[in-house]
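Everything on this sheet refers to the single structure shown next.
Residues: numbered from 1 along the sequence shown.
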Amino acid sequence: MTTISGDARPISASTGEPREEHFRIQGAHAGEQLFLRHLPSADSANRRQPARVLFVHGATFPSALAAAYRFDGESWMDNLSRAGLDVWALDFVGYGESSRYPEMSDPADAHAPLGTAAQCARQVAAALTFIRQHQHIARVSIVAHSWGTLATGICATRHGDLIGRLVLVGPIAMRHGQPSNVPAAAWWHVTEDYQWRRFQAEVPDSEAPVFSHTTFDPWLATYLATDPSSGERVPPSVRVPNGPAADIERAWSGTLPYDPADITIPLLLVRGEWDTVCDAADLDWLQRRFANAPVTAVTLPRGTHVMHLEQGRHRVYAAVTRFLATLFPQDTKTTEPRAPAARPL
């Protein structure tokens with residue numbers, strides 16, 4: 001079933017899952033349309049209300065290419081649904097099935113980087129509010145990847161009472177002593193070559209590949225379809241906001257957009273052993289800085305920064321499912337949802 005309201009674009013990156021519902025909701029600003037996909041729990045025999053989880057994507061590809069993309073017939077959303085969870089995924093403005101910033105139609109150098117973590121934290125909050133209102137629940141857990149952990153971190157410092165627990169996969173940390181190289185352009189083009197190189201670059205030369213062309217080529221075709229103008233450029237590419245790249249560069253030159261110490265929600269940090277965007281020192285720094293939250297940190301073998309797409313992705317699935325299934329003291333508390341700030345259009 002697809003529930004779309006407002007002036008919606010055709011859905012170009014559907015997963016083909018018949019139980020999946022689609023919603024388009026008002027974002028934090030006038031004209032913003034946020035796309036949410038929803039996969040109910042497959043455990044119909046369980047009469048308890050299932051836990052809810054929201055996926056938040058990273059800097060270059062939306063939910064259809066991340067949590068909702070099916071490898072060998074199963075997506076991460078499918079996996080969690082079969083484990084008994086009620087699963088949602090968000091596309092940020094500028095990606096996938098959400099609206100585009102009007103400035104993305106202008107030359108890239110005409111505006112500052114679009115879609116920063118500060119802007120997108122409000123989009124995460126709008127998604128949380130809608131899910132809570134739509135399903136009459138108090139809290140939603142979040143699984144965020146890469147740059148999405150920055151937007152989620154800001155949201156969690158402001159709206160921690162709306163969130164059950166946090167999973168940060170390949171989280172961005174603050175580094176020190178690295179020169180700042182913050183991009184000035186509003187948007188940029190992501191090509192096939194860029195994605196292929198980043199999927200391969202972190203695997204040591206002595207190790208077997210973890211992502212083959214047989215898997216990558218259909219993934220790429222689906223990715224290019226998320227931008228209707230991708231075929232108008234040579235080589236074909238997807239236009240994405242540049243705010244995420246600017247946020248990561250700022251973090252690596254000493255400015256993180258939120259304070260981890262302000263978060264008190266139970267937290268899981270996950271990285272792959274070959275990840276250079278979140279390296280071992282980054283994970284250690286974050287684990288120490290989340291000083292006021294119950295923190296679990298794991299490093300999974302044979303994984304890069306996009307390990308949730310790789311051959312070892314089921315290691316990520318299993319670690320996250322175990323954490324989301326663990327009962328924390330605050331899970332036994334019940335509260336009424338606040339009056340929603342966002343609703344279906």
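The hydrophobic clustering, which links ILVMFWY residues whose side-chain heavy atoms are closer than 4.5 Å, places V203 and L220 apart. Under a hydrophobic clustering in which Ile, Leu, Val, Met, Phe, Trp and Tyr are joined whenever their side-chain heavy atoms come within less than 4.5 Å, directly or via other members, V277 and V190 fall into the same cluster. Under the 4.5 Å side-chain contact rule for hydrophobic residues, I163 and I131 share a cluster. The hydrophobic cluster containing V182 does not contain W252, counting ILVMFWY residues as joined when their side-chain heavy atoms lie under 4.5 angstrom apart, directly or transitively. Note on V210 and L65: separate hydrophobic clusters, where clusters join Ile, Leu, Val, Met, Phe, Trp and Tyr whose side-chain heavy atoms are under 4.5 Å apart, directly or indirectly.
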>> Working note: E310 + T215, criterion side chain to side chain contact (heavy atoms under 4.5 Å, CB included); need CA distance, chi angles, decisive distance, verdict.
In response: CA-CA 9 Å; E310 297 169 350; T215 303; over 6 Å; no
>> Using side chain to side chain contact (heavy atoms under 4.5 Å, CB included), reason through F55 and V167 one step at a time and then give a plain yes or no.
In response: CA-CA 9 Å; F55 279 101; V167 178; over 6 Å; no
> Stepwise, does the ring-ring contact (aromatic ring centres under 6.0 Å, His included) test hold for H134 with F23?
Replying inline: CA-CA 11 Å; H134 180 71; F23 298 85; 4.9 Å; yes
> Can M307 and V169 be said to form a side chain to side chain contact (heavy atoms under 4.5 Å, CB included), step by step?
Replying inline: CA-CA 9 Å; M307 59 186 164; V169 180; 3.8 Å; yes
>> Set out, in order, the CA-CA distance, both residues' side-chain angles and the distance that settles ring-ring contact (aromatic ring centres under 6.0 Å, His included) for H111 and W187, then state yes or no.
In response: CA-CA 9 Å; H111 304 280; W187 50 261; over 10 Å; no
> What do the steps show when you test W88 against V140 for side chain to side chain contact (heavy atoms under 4.5 Å, CB included), and what is the final call?
Replying inline: CA-CA 10 Å; W88 294 76; V140 180; 5.7 Å; no
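Remark: the Q200 side chain and the R197 side chain contain no N/O donor-acceptor pair separated by less than 3.5 Å. A donor-acceptor contact closer than 3.5 angstrom links the side chains of S75 and D78. Under 3.5 Å, the side chains of R239 and H189 contain a donor-acceptor pair of N or O atoms. No hydrogens or angles considered: a donor-acceptor pair under 3.5 Å links the side chains of D91 and S63.
Listed for the Y223 side chain is no donor-acceptor partner under 3.5 Å among the backbone atoms of P62. Checked by atom type and distance alone, the side chain of D282 pairs as donor or acceptor with a backbone atom of D279 at under 3.5 Å. Between the side chain of T304 and the main chain of V306, a donor-acceptor pair closer than 3.5 Å is present. Put simply, the side chain of Q26 gets close to the backbone of E32: a donor and an acceptor are under 3.5 Å apart. For S81 (side chain) and M77 (main-chain N/O), no donor-acceptor pair under 3.5 Å exists by modelled atom type. Checking side-chain atoms of N242 against main-chain N and O of A185 turns up a donor-acceptor pair under 3.5 Å. In this structure a side-chain-to-backbone donor-acceptor pair under 3.5 Å is missing from Y101 to L114.
Between F199 and F216, the ring planes are perpendicular. Angles over 60° get that label, and only those under 30° would be called parallel. Classified by interplanar angle (parallel below 30°, tilted 30° to 60°, perpendicular above 60°), the ring pair Y317/H314 is perpendicular. Note: F290 and Y258 have tilted aromatic rings, judged against thresholds of 30 and 60 degrees for the angle between ring planes.
Atoms CD and OG1, from Q287 and T296 in turn, are 8.5 Å apart once rounded to the nearest 0.5 Å. The line from CZ of F323 to CG of L166 is 7.5 Å long, rounded to the nearest 0.5 Å. Separating the OG1 atom in T149 from the CG atom in L269 is a distance of 9.5 Å, to the nearest 0.5 Å. A distance of 13.5 Å separates CD of E202 from CD of E207, quoted to the nearest 0.5 Å. Taking CD from E74 and CG from N79, the interatomic distance works out to 4.5 Å, rounded to the nearest 0.5 Å. To the nearest 0.5 angstrom, L90 atom CG is 10.0 Å from F35 atom CZ.
E97 and R37 are not joined by a salt bridge, as no carboxylate oxygen comes within less than 4.0 angstrom of a charged side-chain nitrogen. We find that D161 and R139 are not joined by a salt bridge, their nearest charged nitrogen and carboxylate oxygen being 4.0 Å or further apart. Salt bridge absent: R100 and D227 never bring a charged side-chain N and a carboxylate O closer than 4.0 Å.
The shortest side-chain heavy-atom distance between F92 and V124 falls under the 4.5 Å cut-off. By the 4.5 Å heavy-atom criterion applied to side chains, R198 and H305 are counted as neighbours. The side-chain heavy atoms of F71 and F211, taken from C-beta on, include a pair separated by under 4.5 Å. Contact annotation: the side chain of W76 approaches that of V320 to within less than 4.5 Å [non-hydrogen atoms, C-beta and beyond]. Contact of the Q119 side chain with the V93 side chain is not registered, since no non-hydrogen atoms from C-beta on lie closer than 4.5 Å. Side chains of L286 and R271 form no contact here, defined as non-hydrogen atoms less than 4.5 Å apart. Proximity of L268 to V143: side-chain heavy atoms (C-beta onward) are nowhere separated by under 4.5 Å. Side-chain atoms of S141 and L324, non-hydrogen and from C-beta on, do get closer than 4.5 Å to each other.
Heavy atoms only, all atoms of each residue included: A251 and L256 are closest at CB-CD1, 3.9 Å. Between P241 and G94 the shortest heavy-atom distance is CD-O, 3.7 Å. Between A121 and A151, the closest heavy-atom pair is CB-O, 3.4 Å. Between P235 and T191, the shortest heavy-atom contact is CG-CG2, 4.0 Å. Nearest heavy-atom pair, L283 versus C278, reported as atom, atom and distance to 0.1 Å: N-SG, 4.3 Å. When all heavy atoms of P171 and L168 are compared, the closest pair comes out as CD-O, 3.5 Å.
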